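Presented below is the structure to which this report refers.
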Amino acid sequence: MAKLYGVSVGTGDPELITVKGLKCLQEADIVAFPEGINGKSGIAQRIISPWLQSHQMLLPLKFPYIQDDQELTEAWNVAAQTVLPYLQKGEDVTFACEGDISFYSTFTYLAQMVQKLDPTIGVETIPGVCSPMAVASELGIPLTARSQRLIILPTLYHLEELEKAFQVAEVVVLMKFSSLYSQIWELLQTKNLLDHSYIIERATMPEQVVYKDLKEQADLKLSYFSVMIIKVSTSWN
Ligand SMILES: C[S@@+](CC[C@H](N)C(=O)[O-])C[C@H]1O[C@@H](n2cnc3c(N)ncnc32)[C@H](O)[C@@H]1O
């Protein structure tokens, strides 16, 4: 029975893939990934391009950046219907995912939809390097140590969520936060945390930008591909 494989390909540097992930990718006949926008290659496709082989069939799938649940479900259904005929013919499909496959990944929705349409299809995932880990590494800092508590906020809807996180964690990671950046900056200033906050845009990609000193950076226009690490306390115990 054919399988849908989900391979984590890391955050940008093609060498951040695991040996197991690379083997799976190179043995694949059909390689799927989220399609890019405006006719450009998607991020995952760009990351795996050094590893792709000419005989492989490439299957870009549309995962739009929208919030509407109904439209999203329809897009996942279309993506699942695209890979399903190959799987049902007995051909494996390998989906390449930017960062880690189980960490806020489009693969989750694709795999669920495929199994809903055909429960006989098996799914296997290969873990990898997710963006908070890559960002800590590029900053040259440990993400957490000893008994420090870590909170990851994947999207901020209200600033109060961040204030609450400061009360219960020593380290806070923000993802998908760029549209709220100026309000976050104000809060960090009020809490005297600007000296302990760091941002990386497009971590491990050739266009990577590191912001270690945020005091003069109230008006940054950040890319969607940005992660902020806030060291709320430097105490380890
Ligand atoms: C849909 S989530 C995908 C997460 C991804 N699966 C991972 O393992 O990191 C997209 C968010 O991840 C973060 N992200 C992913 N790759 C990044 C990178 N190379 N540099 C900075 N942030 C990144 C950003 O916060 C972005 O808004």
Side-chain angles (χ1 to χ4, degrees), residues 5-18 20-21 25 32-37 40-50 61-69 72 75-76 79 94-112 123 125-141 143-144 150-157 161-162 165 171-181 183-185 197-212 214 217 220-230:
Y5 289 92
V7 177
S8 311
V9 302
T11 49
D13 177 350
E15 296 198 342
L16 287 180
I17 193 169
T18 62
K20 189 166 181 166
L25 189 64
F33 40 76
E35 77 171 19
I37 45 173
K40 292 187 192 154
S41 298
I43 300 271
Q45 185 182 4
R46 234 177 73 180
I47 297 170
I48 60 175
S49 60
L61 303 175
K62 203 185 214 60
F63 293 101
Y65 287 89
I66 47 172
Q67 298 295 330
D68 184 85
D69 280 347
L72 274 175
W76 301 335
T94 296
F95 183 88
C97 157
E98 187 270 342
D100 179 81
I101 196 86
S102 64
F103 193 64
Y104 307 111
S105 164
T106 44
F107 181 75
T108 303
Y109 323 121
L110 175 68
Q112 278 177 1
V123 171
T125 56
I126 299 174
V129 178
C130 67
S131 51
M133 308 306 166
V135 166
S137 167
E138 291 299 303
L139 288 168
I141 59 170
L143 184 58
T144 50
L150 167 70
I151 286 187
I152 296 177
L153 293 173
T155 315
L156 258 190
Y157 293 106
E161 292 168 50
L162 186 52
V171 183
V172 176
V173 169
L174 301 184
M175 303 172 61
K176 306 185 203 169
F177 67 95
S178 45
S179 58
L180 271 188
Y181 174 73
Q183 294 163 63
I184 295 167
W185 188 92
S197 302
Y198 315 91
I199 296 173
I200 299 199
E201 258 184 313
R202 300 185 179 275
T204 77
M205 297 179 193
E207 314 87 341
Q208 168 172 293
V209 186
V210 179
Y211 300 96
K212 280 187 174 171
L214 295 182
Q217 305 282 13
L220 282 181
K221 297 281 170 276
L222 291 164
S223 125
Y224 169 77
F225 285 94
S226 302
V227 163
M228 184 186 295
I229 295 180
I230 306 164

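Every number for a ligand or one of its atoms is a count from 1 in the order of the listing. FYI, the numbering just counts along the sequence from 1. Everything quoted here is computed from the prediction, not taken from an experiment.
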What distance separates M228 CE from S178 OG, expressed to the nearest 0.5 Å? 10.0 Å
To the nearest 0.5 angstrom, please state how far the CG atom of L153 sits from the CG atom of L180. 11.0 Å
Within the 4.0 Å heavy-atom shell around T11, which atoms of ligand 1 are there? 19 (N)
Check this for me - ligand 1, E201, N or O atoms closer than 3.5 angstrom, yes or no? no
Counting from 1 in the order shown, the ligand 1 atoms closer than 4.0 Å to a non-hydrogen atom of E98 are 5 (C), 6 (N), 15 (C), 16 (N), 17 (C), 19 (N)
Looking at G99, which atoms of ligand 1 are within less than 4.0 Å of one of its heavy atoms? 7 (C), 8 (O)
If hydrogens are left out, which of A203, S223, P154, G10 has an atom nearest to atom 18 (C) of ligand 1, that is, the closest non-hydrogen atom? A203
D100 neighbourhood, listing ligand 1 atoms whose heavy-atom distance to it stays under 4.0 Å: 6 (N), 7 (C), 8 (O)
So which of I126, V7, V129 actually passes side chain to side chain contact (heavy atoms under 4.5 Å, CB included) with T18? I126
Give a yes or no on whether the backbone of A134 and the side-chain of E138 come within a donor-acceptor separation of less than 3.5 Å. no
Under 3.5 Å between some N or O of ligand 1 and some N or O of V135? no
Can you name the closest pair of heavy atoms from P132 and F103 and give their distance? CD-CE2, 3.5 Å
Side-chain donor or acceptor of S8 paired with backbone N/O of I101 under 3.5 Å: yes
Show me which atoms of ligand 1 lie under 4.0 Å from any heavy atom of M205. 19 (N)
Among all protein heavy atoms, pick out the one at the shortest distance from atom 2 (S) of ligand 1; state its residue, atom name and that distance to 0.1 Å. Y104 O, 3.6 Å
Carefully, step by step, assess L220 and W185 under the rule side chain to side chain contact (heavy atoms under 4.5 Å, CB included). CA-CA 10 Å; L220 282 181; W185 188 92; over 6 Å; no
Given Y181, which partner from the list L214, L174, L156 fulfils the side chain to side chain contact (heavy atoms under 4.5 Å, CB included) test? L214
Heavy-atom distance under 4.5 Å between the side chains of Y224 and Y65, does that happen here? yes
Could you list which atoms of ligand 1 come closer than 4.0 Å to a heavy atom of I200? 21 (C)
Does W76 use its side chain to pair, donor to acceptor, with the backbone of Q112 at less than 3.5 Å? no
Of all protein heavy atoms, the one nearest atom 13 (C) of ligand 1 is S131 OG, 3.4 Å
Taking only heavy atoms of R202 into account, list the atoms of ligand 1 that are under 4.0 Å away from them. 19 (N), 20 (N), 21 (C)
Can you check whether K176 has an N/O within less than 3.5 Å of an N/O in ligand 1? yes
For atom 12 (O) of ligand 1, what's the nearest protein heavy atom and its distance? M175 CE, 3.3 Å
I need the nearest protein heavy-atom contact for atom 4 (C) of ligand 1: residue, atom name and distance, please. F103 O, 3.4 Å
Atom 27 (O) of ligand 1: which protein heavy atom is closest, and how many Å away? Y224 O, 2.8 Å
Would you mind running through ligand 1 and noting each atom that sits below 4.0 Å from a heavy atom of S226? 21 (C), 22 (N), 24 (C), 25 (O)
So, for L72 and P64, which heavy atoms are closest and what is the spacing to 0.1 Å? CD2-O, 3.9 Å
Measure the distance from atom 21 (C) of ligand 1 to every protein heavy atom, then report the residue, atom name and distance (to 0.1 Å) of the closest one. F225 O, 3.2 Å
